Structures are given as structure tokens and as C-alpha cells.
Amino acid sequence: MPTAFADIDFSKPLPSATGDRQIQFREALREAMSEEMRKDDRVFLMGEEVAYYNGAYKVSQGMLEEFGPQRIIDSPISENGFAGLAVGAAMYGLRPIIEFMSWSFSLVAADQLLNNVPKMLYMSGGQWGCPIVFRGNNGAGGQLGSTHSWTVESMYATVPGLKIAIPSNPYDAKGLLKTAIVDNDPVFFLESERMLSDKGHVPEEEYYIPFGKAALRRGDWSGERDSDITLVSFGRPVNFCIDAADELEKDGIVCDVLDMRTVRPLDIDSIIQSIKRTNKIVVVDQCWPFASIASEVVTQVCEKAFDYLDHQPVRVNTDDVPTPYAKNLEMEYLPHKGKIMAAVKSVVRR
Amino acid sequence: MNPSAPAAAQSSVPPTLPQHPEGSIYHITSSKVHMPGTNGAAKPGAKPAGGARASDSVPNATMIKWLRDMILIREFENRCAQAYQQAKIGGFCHLYLGQEALAVGTINSINHDDPIVTAYRDHGHALARGMSPRACMAEMFGKLAGCAKGKGGSMHMFDKPNWNFGGHGIVGAQTPLGAGLAFAAKYELEVMKRSVDGSPAKKKVSLAYLGDGALNQGALHEAMNLAGLWGLPVIFVVENNRYSMGTAIERGTTMAHDLPAKGRAYGMESMTIDGQDIRNLYDHFKPLVDRCREAQRPAFVDLLTYRYQGHSMSDPQKYRVKDEVEMFKSRDSIALLEQHLLTERKCISEADVDAIVAECRALSEDSVNFAESAPMPGLEELYSDVYQNIQPNLSPTREYVHGAKNELL
Ligand SMILES: Cc1ncc(C[n+]2csc(CCOP(=O)(O)OP(=O)(O)O)c2C)c(N)n1
Ligand SMILES: [Mg+2]
């Protein structure tokens with residue numbers, strides 16, 4: 001029996017995120033897809049090299065064996081074609097999961113993704129939605145150069161009708177992807193090739209992480225001690241923030257690190273709750289700064305929590321240039337720990 | 001090999017390929033093999049006029065140069081593989097081993113100022129076009145002396161002086177560019193009546209290389225329609241090495257046994273050519289280039305080749321059996337040309353070949369040493385080449401390093 005979105009009790013506490021079932025990020029993704037596919041035969045996985053090759057990054061390893069070639073489907077290199085096919089199939093009543101080998105390649109399917117996917121429900125006056133999960137690698141860091149290093153979240157997030165999830169660890173990867181698959185709206189699910197081998201505890205049981213609920217990764221809201229600053233991030237840079245926060249703590253600077261988990265919906269309430277304690281915010285975003293998610297967070301903070309701020313909001317983005325290939329340039333380009341620490345120190349000024 | 005046999009039937013490929021143990025879905029089945037001269041499924045291409053072979057009139061010295069260029073690519077790529085394994089090259093690195101005849105043969109069929117554009121498996125074309133091995137290797141090492149200052153990497157071998165409009169990483173994206181290069185050349189000729197640099201305009205042909213996997217991208221089909229519609233002198237050169245990553249061509253592409261049908265659908269002359277034998281390649285490709293140049297119209301070529309290595313350096317290659325690789329290696333393009341020059345033309349000796357190999361090995365080694373000791377790009381290079389006309393306020397963060405720019409701070 002498929003799990004229906006409406007039947008999920010999101011108020012139920014999530015299973016513990018600590019434990020010794022250490023599995024890789026890619027295995028957590030696979031577990032989420034496989035669990036949902038076992039319950040719901042409308043769900044299928046399509047993409048380049050997902051079946052016989054076991055996935056270019058081995059996310060779908062073994063799934064062909066379990067589900068067969070009619071549900072784990074190798075596609076030619078035709079992103080525009082298979083993204084559009086997914087729209088048709090979803091309108092008809094199936095629930096496609098489409099893997100982009102990289103979100104960078106989603107750009108050749110931009111019309112489907114920006115026009116048809118998000119707007120179908122609206123254009124058809126509510127008759128047809130697009131319950132599709134598009135997922136794949138997102139972000140720079142592997143010296144793949146300018147065309148292959150896209151972070152698409154800021155570009156796609158501007159379109160109403162989409163939901164965008166961007167997990168930072170294996171536990172969230174499973175729980176968020178399961179929610180994405182059962183959600184009736186289209187979800188863009190952004191993974192990072194750099195993190196696919198990261199390990200973490202992932203409960204064997206089924207669980208659904210609600211969209212639009214940030215997780216506090218560092219800092220303590222019990223009232224013991226107020227943090228000095230709010231660090232907001234999502235996806236891979238959350239881990240940079242955690243590293244920076246741990247190092248800053250040695251200097252006596254305590255950070256709230258908020259992992260947004262989804263950027264649309266955006267949990268602005270948690271951000272404001274933290275700012276009320278810290279009065280300072282640094283947003284860390286792996287997109288370019290101009291019109292980025294960070295820009296949106298800062299705008300909303302100014303609109304909704306201006307009076308709580310002791311310092312103007314600060315953004316740490318990737319540098320405002322195309323992604324370079326050379327290793328030293330790419331390292332500098334990313335919103336790395338050093339930049340985050342410098343930004344925090346410039347705001348906290350100790 | 002019998003030099004009097006029809007050119008396209010030069011192939012000595014056995015009619016059946018080794019079978020993959022896990023079945024045909026992984027693999028080209030024997031009935032679908034379409035090397036020219038084996039099962040007759042492919043169009044062998046236009047017969048050279050009067051039965052004369054274009055390659056017969058190629059001087060010995062030129063053909064020896066072809067051999068040398070092919071050997072250089074092979075030696076260079078072997079060095080790349082090494083450097084990649086030592087983590088000196090980052091990102092993706094796609095080797096040209098096995099396909100050498102293709103770049104060398106096609107590039108020697110055009111003029112130096114005919115533009116070309118390639119996909120990401122681009123080291124071979126870059127070298128065949130005249131890029132120095134040092135610049136090519138330094139690019140992959142991410143060094144300032146690289147052809148793109150270390151900003152591009154393996155997939156982006158751009159070389160303006162050699163009319164190489166670059167390697168391109170997005171599958172198929174380069175094919176409309178190839179049409180655009182042809183459009184511009186024809187525009188010079190017909191509208192400007194001079195070239196963009198002021199010199200007299202010439203009849204040119206552009207080459208747009210693509211992998212067999214790119215046959216399934218919409219961009220190619222739009223580009224081919226434009227080329228057919230507007231009579232653009234571009235040749236779409238399919239480097240058909242039978243696989244796109246782990247997908248054998250039949251599993252991803254319709255009409256794999258007759259790819260020229262796709263070109264014909266857009267109204268252009270189309271043919272399949274055995275690209276492993278460089279003389280055969282030249283026999284068919286050179287006259288085609290001449291026709292396209294003269295008549296200013298497009299063409300589509302299915303060039304049969306094979307890659308010896310995995311798709312990129314990180315491919316376990318479970319989708320094909322070793323015997324298949326060995327079978328293609330037994331008909332190696334370098335060995336074929338070497339044999340011809342040694343035994344048929346008798347214009348070189350074994351010692352000459354050894355000397356060529358030694359020279360190319362030394363050049364390749366030198367390129368690695370050079371790349372290794374060359375300086376990395378300075379951080380200022382991160383911000384250069386974004387705009388040509390820099391103005392204030394183009395970017396919110398260009399002017400400073402971290403944190404917000406605030407004059408009150
Ligand atoms: C639009 C797009 N989709 C997917 C990829 C990932 N990718 C890179 S190469 C490749 C296979 C291409 O095969 P082919 O065109 O046959 O060229 P070959 O590698 O054999 O030279 C794929 C799927 C990409 N670079 N661009
Ligand atoms: Mg190929």
C-alpha cells in the first residue's frame with residue numbers, strides 16, 4: 001500500500017539520528033527510493049546509466065535486480081526528452097523519479113523544468129499536478145569546471161510551484177527523499193557527489209522528514225547560553241559551517257548552525273527564533289551571491305526581524321565568477337571554512 | 001591487407017563480436033555489427049572518383065607525419081592516464097586511446113583555418129590541430145601555462161591560433177556551435193565579402209565532432225535541421241566508439257545500424273566510414289570535405305572507431321568483455337598505418353618508427369615535467385576573464401573578499 005502524503009503524521013517525533021547503523025549517503029538515497037517503490041508500483045526510476053551500470057555514482061546499485069528493467073530504466077542522453085516524458089507520465093497518474101547524472105545537465109531540459117513542471121497545476125486550473133522527484137548531483141568541488149559545477153538551487157527556487165530539498169547528511173537524505181516521493185508536488189532534490197560516500201547513522205525504519213523544518217546542528221536552545229551568531233546554510237556547506245563553528249568555539253564564539261534542509265519551503269521562523277537570541281546572522285550559500293538563496297534569506301530577515309539585528313546580515317557565497325578548474329582556484333571559489341570564520345569574526349568582532 | 005580491394009572493404013573485423021556473458025542487452029549482438037565490409041549493413045560511403053584512392057596521392061612525408069601525430073596522441077594519453085592516477089590531473093579525464101586515426105585523419109582533410117569544435121574527449125584533436133603538448137598537459141594540471149590558463153581543464157581544450165573552438169563538456173552542446181561556425185564563414189563569404197579579420201573571405205568548412213551518445217540530444221537535431229535548411233558548410237562528425245559511458249549504442253540510439261539515415265532526414269549527404277584505417281578514412285572524408293566546401297552545404301558522417309580505455313578514468317567497464325577490446329586492438333589504427341608505410345610504401349624502416357616513438361615519448365614526458373613545475377594560476381586569475389568591459393557594480397562581491405561591503409564599517 002502506498003503511503004499517502006495526507007496520512008503522514010509530521011508531528012510525530014523523528015527516530016533518533018544517533019546510532020550505529022552507519023551507511024553511506026548514496027545508500028540512504030537508495031533505501032528511500034526502494035522502500036517507496038516496494039509500496040507503490042506507480043513509482044519508477046529513470047535516468048542515464050541508472051540500471052545496468054548501477055548508476056553513474058552507484059546510487060541505484062542493485063535496484064535493477066530488485067525492480068527489473070521496466071521500473072529502473074536506462075535513458076539515452078536526452079534530458080529534455082525524459083524530463084518532458086516524466087511530466088506526461090506524472091499527469092497521467094504515475095510518480096516518476098528522474099535522476100540527472102548532474103543537475104548541470106538539467107539545463108538542457110530547462111523548458112520542461114521551468115515551464116511545465118512547476119506550472120502545470122496552475123495552468124490546468126488544478127486538474128493536473130506533476131508529482132515528480134528530479135534528483136541528482138549538485139554543486140562544485142570535484143574540479144569539473146564551469147559547465148559541470150552548477151548549484152541550481154537559487155536559479156530554480158525563484159519559480160513558484162516547486163519544492164527544493166537539499167540534505168546535508170545521510171539521515172536527512174533518506175527522510176527527505178521519502179517525503180519528496182510521496183509529495184504530490186514536484187520536488188527538486190539536490191545531492192552532492194562530494195558527499196555520496198559520507199557515512200552516518202540512518203534508521204532502518206521508515207520516517208518522513210517534513211519540508212520547511214530546519215535542524216539545529218550547533219548551538220543550544222535550552223537557555224543555558226545564548227549563541228553569539230546565527231549561521232544559516234543548506235546542503236554541503238552546512239558541513240563547512242559545522243567545522244567553522246567547532247573551531248570558533250575554541251575562540252569562545254558560539255554559533256547556532258541552522259541546516260535548512262529545504263530551501264523552498266524556507267523555514268524563516270527558525271531563523272528568526274535564532275536571531276532573537278544572537279542578533280547577528282551569516283548566511284552560507286554555495287550559489288553565486290547575486291539573487292541567491294542567501295539574498296532571499298537576508299531580505300526576509302530584514303523584512304521580518306530588522307529590529308533584532310545588531311549588525312547588518314552577511315553573506316558567504318561562492319565567488320561571483322564561473323567555476324574554475326584549477327584546484328587552488330576552485331578551493332578559493334567555494335564558501336569554505338576559512339571564509340565562514342572570517343565572516344563570523346568580522347561580525348562578532350572579538 | 002589488399003590495397004586493390006574496394007576502399008571501404010578494407011576492414012578485417014571478424015563478423016561476430018565476443019558475447020558478454022550476461023547477455024545481449026549489455027552488448028552489440030553480432031547481427032547488429034556494422035563495420036563496413038562485414039555484413040553490408042552500413043553504407044560504405046561514396047566511392048572515390050575513378051576508383052583512385054585519395055590517400056594514394058598523399059606524399060610519403062605527409063603520411064609519416066600522420067603516423068607521428070597518432071603516436072604522439074597515444075604516448076601523450078598514456079602519460080595522462082599516469083598523471084591522473086597520481087592525482088595530478090583532477091576532475092574528469094577522457095582519453096582518446098584507440099581513436100587516434102579519427103582526429104588525425106579528419107583534421108588533415110581540412111585547412112588550418114577551417115574551424116573545428118569538439119566534445120570533451122578532446123586531447124587528440126587539440127594535439128592534431130597543433131596545440132603544444134605542454135599547453136595541453138599544463139591545462140590538465142590546472143596551471144597558468146595551460147591553453148585556458150588552467151581554468152578549463154581536460155574537457156576544455158580551447159586554441160584560438162589553431163582554429164580550435166574548444167572542447168565542450170555538455171553532451172551535444174557543441175553541435176549548434178559547429179553550425180554557427182559554418183554560418184559565420186558563409187556569412188563572411190556572402191554578406192561581408194571579406195573575413196572578420198579583414199582578409200579576403202574563403203570557402204570554409206567547419207567540423208562539429210560529437211560522440212555517438214550525443215546523437216540523442218535535441219541540440220544536435222536542431223543544429224542539423226538549421227544546417228540542412230540554410231545550407232551551412234558544417235560536417236557533423238560522429239565519433240562512433242559504440243558506447244556512451246556504459247550504454248552500447250543499440251541500447252540508446254535508434255537506427256544504430258544505419259546512422260546516416262539521421263543525416264539524410266535533414267537533407268544532407270551522409271555516410272558511414274571505417275575510421276580505424278586512416279587511409280580509408282581519408283579516401284572518403286577528404287572528397288566529402290571538398291564537396292561540402294565547394295557546394296557550401298552540410299554533411300553527416302558516422303565514423304566507426306573504438307575507445308580502448310573506460311569512458312573516463314573511473315570506469316570499471318563491466319559493460320563489455322575483454323575479448324571485444326582485444327579484437328579492436330588487433331586492428332589498431334597506428335599498427336595499420338605503420339604496416340602500410342613499412343611494407344607497402346616501404347618509405348620508413350622499423351628504426352624510423354622507433355625513432356618516432358622515442359620522439360613522441362620524450363615530448364609527452366617533457367609535457368608532464370613542464371606541467372608539474374609550471375606555476376599555478378594566482379588568485380587574481382579567479383576574477384579575470386569574467387567580463388571584457390568591467391564596470392562598477394557588476395557584481396555584489398567582486399570588489400572584496402569576505403563579508404558585506406559597508407562603508408560605515
Ligand atoms: C547533457 C549531458 N548529459 C549527460 C552528460 C554526462 N556524460 C558525459 S559523457 C557521457 C557519454 C557520452 O558518450 P558519447 O557521446 O558516445 O561520447 P564518448 O564518451 O563515447 O566519446 C555522458 C552521459 C553530459 N556531459 N551532458
Ligand atoms: Mg561514444
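Source: prediction; values computed, not measured. The sequence lines fix the lettering, A, B, ..., with proteins before strands; numbering per chain opens at 1.
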Relative to chain A, which segment of B/Asp315 carries a heavy atom at a distance below 4.5 Å: side chain, backbone, both, or neither?
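For B/Asp315, backbone and side chain are both near chain A.
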Could you look at B/Ile89 and say if it's the side chain, the backbone, both or neither that has a heavy atom under 4.5 Å from chain A?
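Both the backbone and the side chain of B/Ile89 come within 4.5 Å of chain A.
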On a heavy-atom basis, which atom in [X] and which in [Y] lie closest, and how many Å separate them?
| X | Y | result |
| --- | --- | --- |
| A/Ala326 | B/Pro377 | CB-CG, 3.8 Å |
| B/Gly378 | A/Leu329 | O-CD2, 3.6 Å |
| B/Val386 | A/Pro322 | CG2-CD, 4.0 Å |
| B/Asn216 | A/Pro76 | ND2-CB, 3.6 Å |

Option in A/Gln143, A/Glu48, A/Glu49 with maximal non-hydrogen atom pairs under 4.5 Å from chain B:
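Counting heavy-atom pairs under 4.5 Å, the top option is A/Glu49.
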Counting only heavy atoms from other residues, nucleotides and ligands, does the tally under 6.0 Å from [atom1] of [X] exceed 12?
| X | atom1 | answer |
| --- | --- | --- |
| B/Met376 | CE | no |
| A/Tyr308 | OH | no |
| A/Gln70 | CD | no |

Go through the atoms of [X] and report whether side chain, backbone, both or neither lie under 4.5 Å from a heavy atom of chain B.
| X | result |
| --- | --- |
| A/Met331 | neither |
| A/Asn80 | neither |
| A/Glu79 | both |

Contact listing (chain B partner; residues 148-158 of chain A; heavy atom under 4.5 Å)
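Counting heavy atoms that sit under 4.5 Å from chain B, the residues of residues 148-158 of chain A involved are A/His148.
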Nearest-0.5 Å distance, CD1 of residue A/Ile77 to OG1 of residue B/Thr247
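It is 7.5 Å, given to the nearest 0.5 Å.
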Interatomic spacing from CE in B/Met245 to CG in A/Asp74 - rounded to 0.5 Å:
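It comes to 11.0 Å.
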So, the side chain of A/Tyr325 versus the backbone of B/Met140: is there a donor-acceptor pair under 3.5 Å, distance only?
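Yes, because the side chain of A/Tyr325 sits within donor-acceptor range (under 3.5 Å) of the backbone of B/Met140.
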Taking A/Asn328 for the side chain and B/Leu379 for the main chain, is one N or O donor matched with an acceptor at less than 3.5 Å?
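Not confirmed, A/Asn328 side chain does not pair with B/Leu379 backbone.
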How about A/Pro324 and B/Leu382: do any of their side-chain heavy atoms sit closer than 4.5 Å?
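SC-SC contact between A/Pro324 and B/Leu382 confirmed.
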So which residues of residues 150-158 of chain B are in contact with chain A at a heavy-atom cut-off of under 4.5 Å?
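So far as heavy atoms go, B/Gly150, B/Lys151, B/Gly152, B/Gly153, B/Met155, B/His156 are the residues that approach chain A to under 4.5 Å.
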Taking non-hydrogen atoms and a cut-off under 4.5 angstrom, which of residues 165-174 of chain B neighbour chain A?
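Checking residues 165-174 of chain B against chain A gives B/Gly169, B/Ile170, B/Val171.
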Sequence neighbours excluded, every pair satisfying side-chain hydrogen bond (donor to acceptor under 3.5 Å, both in side chains) that has a member inside residues 54-68 of chain A
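Listed by first then second residue: A/Arg38-A/Glu66.
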Largest heavy-atom contact set with chain A, pairs under 4.5 Å, which of B/Ser244, B/Ser314, B/Gly218
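Highest number of heavy-atom pairs under 4.5 Å: B/Ser244.
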Report the C-alpha distance between B/Tyr319 and A/Tyr53 in whole Å, list the side-chain angles of each, state the deciding distance to 0.1 Å, and finish with yes or no for side chain to side chain contact (heavy atoms under 4.5 Å, CB included).
CA-CA 7 Å; B/Tyr319 49 83; A/Tyr53 201 75; 3.7 Å; yes
